[in-house]
Amino acid sequence: MSPEIEVHARARLITDGPLTRPVPVDLRYDPADERRTVHIGLPDGTDWSFGRDLLERGLRTPIERGDVRVWPCGRTQLIVELHSTDGVEVFQFEIRTLIRFLARTRAQTPATAPDTGREAPPRPPSRTTRPERGTPERGARTEQRDARAGRGAQTARG
């Protein structure tokens, strides 16, 4: 099967203020995932995942599934609104970027799920937090701190 598709893109973070700001996002898709899940990685380490069909339908008409809302904004923009317990984040994407990404996902995905002969149901939206790039995971940080303090290789005496 083909490798995971990853596209580094830019979106505009829409705020309450008069200015928006560009932010880097990662669009990812694994062709082997029969649920056809798209992942949007945000700069703060948050990863949103939901069915590819949500983005595809959102290119044409407003759609909502769980904590994610998607709708076209004029002829060249798409809005993705993400709701969580931390609040709401609203991103504006260039439609052409998403169309190219979705075209690559369709080209790499089999038409049906291999075992059942039909497509798996779309995945409900979910939000996770990724560890920051270049930052050791929590356990590794504890081991490093213990080693610096001289406690990493000590054994108990009895």
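Sequential numbering from 1 along the given sequence is applied to the chain's residues.
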Taken in chain and number order and not counting sequence neighbours, the residues that satisfy side chain to side chain contact (heavy atoms under 4.5 Å, CB included) with Pro62 are Trp71, Pro72
What residues, two or more places apart in sequence or in another chain, satisfy side-chain hydrogen bond (donor to acceptor under 3.5 Å, both in side chains) together with Glu94?
Gln77
Only counting residues at least two apart or in another chain, list the ones meeting side chain to side chain contact (heavy atoms under 4.5 Å, CB included) with Leu59.
Leu78, Ile95, Ile99, Leu102
Could you check whether any side-chain heavy atom of Asp67 comes within less than 4.5 Å of a side-chain heavy atom of Phe50, counting everything from C-beta outward?
no
With hydrophobic residues grouped by side-chain heavy-atom distances under 4.5 Å, do Phe93 and Val7 end up in a single group?
yes
Between Glu4 and Pro31 the two heavy atoms that sit nearest each other are CA-CD, 4.0 Å
According to salt bridge (charged side-chain N to carboxylate O under 4.0 Å, His left out), who are the partners of Arg69, at least two apart in sequence or on a separate chain?
Glu64, Glu81
Quick note, side chain to side chain donor-acceptor pair (under 3.5 Å) partners involving residues 95-105, not counting sequence neighbours, are Arg52-Thr105
Sorted by chain and number, sequence neighbours left out, side chain to side chain contact (heavy atoms under 4.5 Å, CB included) with Thr20 holds for Arg12, Ile14
Which heavy atom of His8 sits nearest to which heavy atom of Asp26, and what is that distance?
ND1-OD1, 2.6 Å
Which distance, rounded to the nearest 0.5 Å, do you find between the CG of Asp30 and the CZ of Arg35?
14.0 Å
Val68 with Val23, same ILVMFWY side-chain cluster at under 4.5 Å:
yes
For Glu89, which residues count as a salt bridge (charged side-chain N to carboxylate O under 4.0 Å, His left out) partner, sequence neighbours excluded?
none
Indicate if Leu42 and Ile79 have the same hydrophobic cluster label, given that clusters are the connected sets of ILVMFWY residues with side-chain heavy-atom separations under 4.5 angstrom.
no
Could you give all pairs that pass the salt bridge (charged side-chain N to carboxylate O under 4.0 Å, His left out) test and reach residues 14-23, with sequence neighbours left out?
none
Report yes if some heavy atom in the side chain of Ile63 is under 4.5 Å from a heavy atom in the side chain of Asp53; otherwise report no.
no
ILVMFWY network linking Val90 to Val70, side-chain heavy atoms under 4.5 angstrom
no
Could you tell me whether the side chain of Phe101 reaches within less than 4.5 Å of the side chain of Val38, counting heavy atoms only?
yes
Flag the pair Leu82 / Ile40 as yes when at least one side-chain heavy-atom distance between them is below 4.5 Å, and no otherwise.
no
